[in-house]
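Here's the structure, in structure tokens; my notes come after.
Predicted, not measured: the structure shown is a model, and the values here were computed from it.
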Amino acid sequence: MKKSITTFVILLTICLQASAYNQVRLVINDGMHNQQLKEKMERAVSVVMTEINRSHEAKLKRLDLSDAYITKEAKQDLNMLWENDHFRCVEEEVVERCLTTRDGYQVRGIPLIVNAATDNEELGYQEAVVNFNKEGVITSVYYTINPELYTNLMGNVMKNKRNEVTDISERMMILDYVEHFRTAYNQKDLRFLRQVFSDDALIITGKVIKVRKSEVHPSGPKVVYTTQTKQQYLDNLGRAFKSNGYIKVTFTDVTIVEHPTIKGIYGVTVRQKWNSSRYSDEGYVFMVWDFRNPDAPQIHVRTWQPEFVDKAKGQRLNPNDVFTLGDFDL
């Protein structure tokens with residue numbers, strides 16, 4: 001009798017340990033009519049997210065993901081992100097629609113809670129977007145931009161913005177790369193950033209300095225700008241990646257504008273929040289994206305400008321001073 005009780009307690013403990021993490025189930029409720037492919041995609045996300053939850057609970061340093069559900073490249077990217085962010089899916093059942101993309105399919109809105117891998121500091125709530133190839137295999141997992149912002153960008157045409165990109169497929173393609181670009185900072189992926197910046201990319205960074213009030217500078221503080229080459233920027237970024245335990249970058253207030261005369265060239269403006277273990281700031285990032293080769297888009301210009309010229313006094317950067325396509329000769 002005593003032996004039976006002991007065996008039962010051991011089995012109960014094992015069961016409790018096995019169920020300590022969420023068993024995630026994805027349900028695609030719209031956008032996919034091929035039932036077999038739909039079930040394969042649902043299974044892929046369910047298995048991958050459940051394994052991520054198991055790894056989070058067991059405090060594993062590496063994700064063990066099945067080749068049957070995710071590509072080798074996507075596994076590498078997820079593990080790179082895992083080295084910096086430990087995340088978990090907080091819902092047992094996720095119900096989302098499927099979107100059709102240029103290369104396959106996409107499911108958005110996977111809810112995550114993120115912690116820094118180095119010191120377990122909670123970095124807050126994020127949502128993930130999962131991309132699939134046409135066979136239903138996961139090809140990438142990124143952090144999304146704000147879901148409401150994405151809905152507005154995909155659903156509304158801002159008629160007061162000249163040359164605003166109104167084609168849904170174009171917007172989806174551009175936003176997919178913008179989300180990949182943003183996630184690359186969180187996962188400290190210099191390889192992708194080196195690939196996406198063109199060799200002659202222009203990098204401009206604004207910095208607020210205090211100057212003595214005068215007739216020339218009556219307002220006191222001003223923004224001065226420095227330029228960097230692609231290599232200088234990546235070298236500095238690499239040092240920042242090494243010196244910070246975690247980096248959390250978020251994009252809001254995204255605007256996408258097509259060049260008035262060059263098809264495939266877009267100006268993308270985002271409001272960026274950079275938060276890391278050693279430094280944080282908020283400002284405007286403007287990028288010139290070149291999608292003339294949609295399989296290998298490149299960034300020719302990246303600028304950063306502070307949101308505040310004098311934060312103590314609430315003095316913001318004049319919106320007319322934020323860089324746009326018209327500021328660069330392409």
Atom CD of Glu122: over 12 foreign heavy atoms under 6.0 Å: yes
NZ (Lys273) with more than 12 external heavy atoms under 6.0 Å: no
Counting C-beta onward and ignoring hydrogens, is there a side-chain heavy-atom pair between [X] and [Y] closer than 4.5 Å?
| X | Y | answer |
| --- | --- | --- |
| Asn186 | Arg182 | yes |
| Asp85 | Leu123 | yes |
| Val94 | Pro111 | yes |
| Ile203 | Trp304 | no |
| Ile256 | Leu175 | yes |
| Arg102 | Asp295 | yes |
| Asn22 | Glu57 | no |
| Leu237 | Leu190 | yes |

Reported [atom1]-to-[atom2] distance for the pair [X] and [Y], which is rounded to 0.5 angstrom:
| X | Y | atom1 | atom2 | result |
| --- | --- | --- | --- | --- |
| Met32 | Cys98 | CE | SG | 4.0 Å |
| Asp189 | Thr183 | CG | OG1 | 10.0 Å |
| Gln126 | Ile145 | CD | CD1 | 12.0 Å |

Test item: [X] side-chain N/O and [Y] main-chain N/O as donor-acceptor pair under 3.5 Å:
| X | Y | value |
| --- | --- | --- |
| Thr50 | Gln23 | no |
| Asn79 | Leu63 | yes |
| Trp82 | Ile52 | no |
| Lys188 | Ile247 | no |

Whether Trp289 and Phe291 hold their rings parallel, tilted or perpendicular, with breakpoints at 30° and 60°: parallel
Mutual orientation of the aromatic rings belonging to Phe87 and Tyr143 [parallel < 30°, tilted 30-60°, perpendicular > 60°]: perpendicular
Pairing of [X] and [Y] as salt bridge, 4.0 angstrom limit:
| X | Y | answer |
| --- | --- | --- |
| Lys75 | Asp67 | yes |
| Arg108 | Glu127 | no |
| Arg25 | Glu92 | no |
| Glu42 | Lys38 | yes |

Ile265-Phe286 co-clustered via ILVMFWY side chain contacts under 4.5 Å: yes
Does either side chain, that of [X] or that of [Y], offer a donor lying less than 3.5 Å from an acceptor on the other one?
| X | Y | answer |
| --- | --- | --- |
| Asp200 | Ser198 | yes |
| Ser140 | Asn131 | yes |
| Gln305 | Asp321 | no |
| Glu179 | Tyr150 | no |

Nearest non-hydrogen partners of Ser46 and Val24, listed with the distance: CB-O, 3.3 Å
Centroid-centroid under 6.0 Å between Tyr225 and Phe323 rings: yes
Arg302 to Phe197, cation-pi by 6.0 Å centre distance and 45° axis angle: no
